[in-house]
Amino acid sequence: MMKTLLLNQREVKQLLNMPDTIVAVEEAYKDFNRKMAIQPPIVSIEVPEYNGEMDLKMGYSKSTEIIAVKTAVGYWDNPERYHLPTLLATITLYDGKNGYPVCMMDGSLITGYRTGAAGGVSAKVLARKNSKTVGVIGAGNQARMQVIALKEILPLEMVKVWSPVRKQQLKYKQEIESMLGIQVLLCDEPKAAVEGTDVIVTATPGKNPIVQDEWVSPGTHIIAIGADMEGKQELDPKIFSRAKIVVDNIQQCVLRGETQNPIKEGIITEKDIHAEIGEILLGTKVGRENNEEITIFDSTGMSIQDNMTACRIFKNAVQLGIGQKIELI
């Protein structure tokens, strides 16, 4: 009798770390551009009356022979109203050979880690190698995960942070300084957070540009994470006119990523996108070519990232005997 393995958040946490996730995400990007992944379009539901949204991401990996289905929700009032996290997710893994659900696991930590790892992977090929300062827009979970991943890749010494939710900033400073041992400066304005930094991270649910073109210095690498649905925006579209634009998935980013905005305004066209990041990792396209380039990595997230990361966790759980097995059929 086949059984389904259940992994709760505590168990997933035991099996999850950033270095392994960076490896999994890098392989996911490569497989996507090797045509080893089947990914239907993302399905989204907005629930404006409760300030929430849900994304359904699914895909099949020919490498893992697993179909992964993730439901990810973002309810921005959860912490205050219900004492729940803003982001919640569940991932189910199905055997690609017969469709049986082999594992169900909490996906909220995976979502955070693999999205953070995406920024880290982008920094490997697009940021200047000596980048020491990062300006972060936002002070939520993803603003943390991006810096955790970047610390694995770059010699970071300072984080400057500004958040539209100002009361989150002090807690962010305390946690990052304690966890990573690097200085965090709290900024009263977004301009102060990003001016003069080597890397800029945007990680808010904003719908209007926050980072202005004139604030961005030559040589900066920008990791655009927050815009993952139509109508979202964090960057001044004019930045794209003088940047090397790299995306995780062209089809997704022109419709729902940060890249949608300069295209809508006629500042760039889809042809101005330099590459998907998997192409750079595979060596078919170049990454950063000099220290003066402004580079943008637009990430909307792909199911192949969840697939690769969750499969690694599932495999480790089986080997270590972690989790609970149930009979669904």
Side-chain angles (χ1 to χ4, degrees), residues 115-164 168-169 172-173 176 180 182-206 208-228 232-248 253 257-259 261-262 274 277 287-288 290-300:
T115 307
V121 171
S122 80
K124 288 180 71 172
V125 293
L126 295 172
R128 289 174 293 177
K129 302 303 181 187
N130 63 344
S131 296
K132 296 179 181 179
T133 60
V134 55
V136 181
I137 301 298
N141 180 64
Q142 196 45 233
R144 289 165 168 77
M145 300 310 299
Q146 290 293 321
V147 173
I148 291 169
L150 288 171
K151 187 66 167 61
E152 295 287 335
I153 305 298
L154 301 172
L156 290 188
E157 295 179 356
M158 180 183 294
V159 176
K160 299 197 292 181
V161 62
W162 174 86
S163 172
Q168 292 182 344
Q169 291 187 173
Y172 180 90
K173 173 182 170 70
I176 292 296
L180 301 180
I182 55 179
Q183 184 181 9
V184 177
L185 296 181
L186 304 183
C187 299
D188 293 330
E189 301 292 338
K191 180 179 180 181
V194 302
E195 264 194 333
T197 57
D198 300 310
V199 179
I200 296 171
V201 171
T202 58
T204 76
N208 293 292
I210 300 171
V211 178
Q212 300 302 311
D213 179 45
E214 58 269 24
W215 303 347
V216 180
S217 305
T220 304
H221 175 48
I222 301 173
I223 302 171
I225 293 296
D228 59 356
K232 287 190 175 182
Q233 184 176 15
E234 297 176 289
L235 300 178
D236 181 346
K238 291 194 292 292
I239 301 170
F240 283 76
S241 67
R242 59 191 184 103
K244 174 176 281 183
I245 306 160
V246 177
V247 301
D248 55 4
C253 288
E258 190 68 51
T259 308
N261 301 303
H274 170 67
I277 192 166
R288 173 174 287 275
N290 60 67
N291 285 334
E292 298 302 307
E293 279 187 312
I294 294 172
T295 55
I296 296 175
F297 176 57
D298 184 9
S299 174
T300 51

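None of the values given here were measured: they were computed from a predicted structure.
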Run through [options] and flag the one making a side chain to side chain contact (heavy atoms under 4.5 Å, CB included) with [X].
X      : options                : answer
Arg128 : Arg288, His221, Glu292 : Arg288
Ile182 : Lys151, Glu157, Lys132 : Lys151
Lys173 : Leu185, Val161, Val184 : Val184

To check you understand the geometry: which heavy-atom pair defines the closest contact between [X] and [Y], and what is its length?
X      : Y      : answer
Val199 : Ala127 : CG2-CB, 4.3 Å
Ala224 : Leu235 : CB-CD1, 4.2 Å
Leu154 : Lys129 : CD2-O, 4.2 Å
Val159 : Val136 : CG1-CG2, 3.8 Å
Trp162 : Asp188 : NE1-O, 3.5 Å
Ser299 : Ala118 : OG-CB, 4.2 Å

Steps toward side-chain hydrogen bond (donor to acceptor under 3.5 Å, both in side chains) verdict (Ser217, Glu195): CA-CA 7 Å; Ser217 305; Glu195 264 194 333; over 6 Å; no
Heavy-atom check, side chain of Val211 versus side chain of Glu234, under 4.5 Å: no
Heavy-atom side-chain contact between Val134 and Asp198 under 4.5 Å: no
How many angstroms lie between atom [atom1] of [X] and atom [atom2] of [Y], to the nearest 0.5 angstrom?
X      : Y      : atom1 : atom2 : value
Thr197 : Trp215 : OG1   : CH2   : 11.5 Å
Ile200 : Thr295 : CD1   : OG1   : 10.0 Å
Lys160 : Ile137 : NZ    : CD1   : 10.0 Å
Thr202 : Ile225 : OG1   : CD1   : 7.0 Å
Ile222 : Ser122 : CD1   : OG    : 11.0 Å
Ile210 : Ser163 : CD1   : OG    : 9.0 Å

Residue pair Phe240, Ile245: steps toward the side chain to side chain contact (heavy atoms under 4.5 Å, CB included) verdict: CA-CA 7 Å; Phe240 283 76; Ile245 306 160; 3.7 Å; yes
Sidechain-backbone polar pair: [X] side chain, [Y] backbone, donor-acceptor under 3.5 Å:
X      : Y      : answer
Asp236 : Asp213 : yes
Lys244 : Gly287 : yes
Glu258 : Ile296 : no

Glu214, CD atom: more than 12 neighbouring heavy atoms under 6.0 Å: yes
Modelled atom types, side-chain donor and acceptor of Thr259 and Asp298, under 3.5 Å: yes
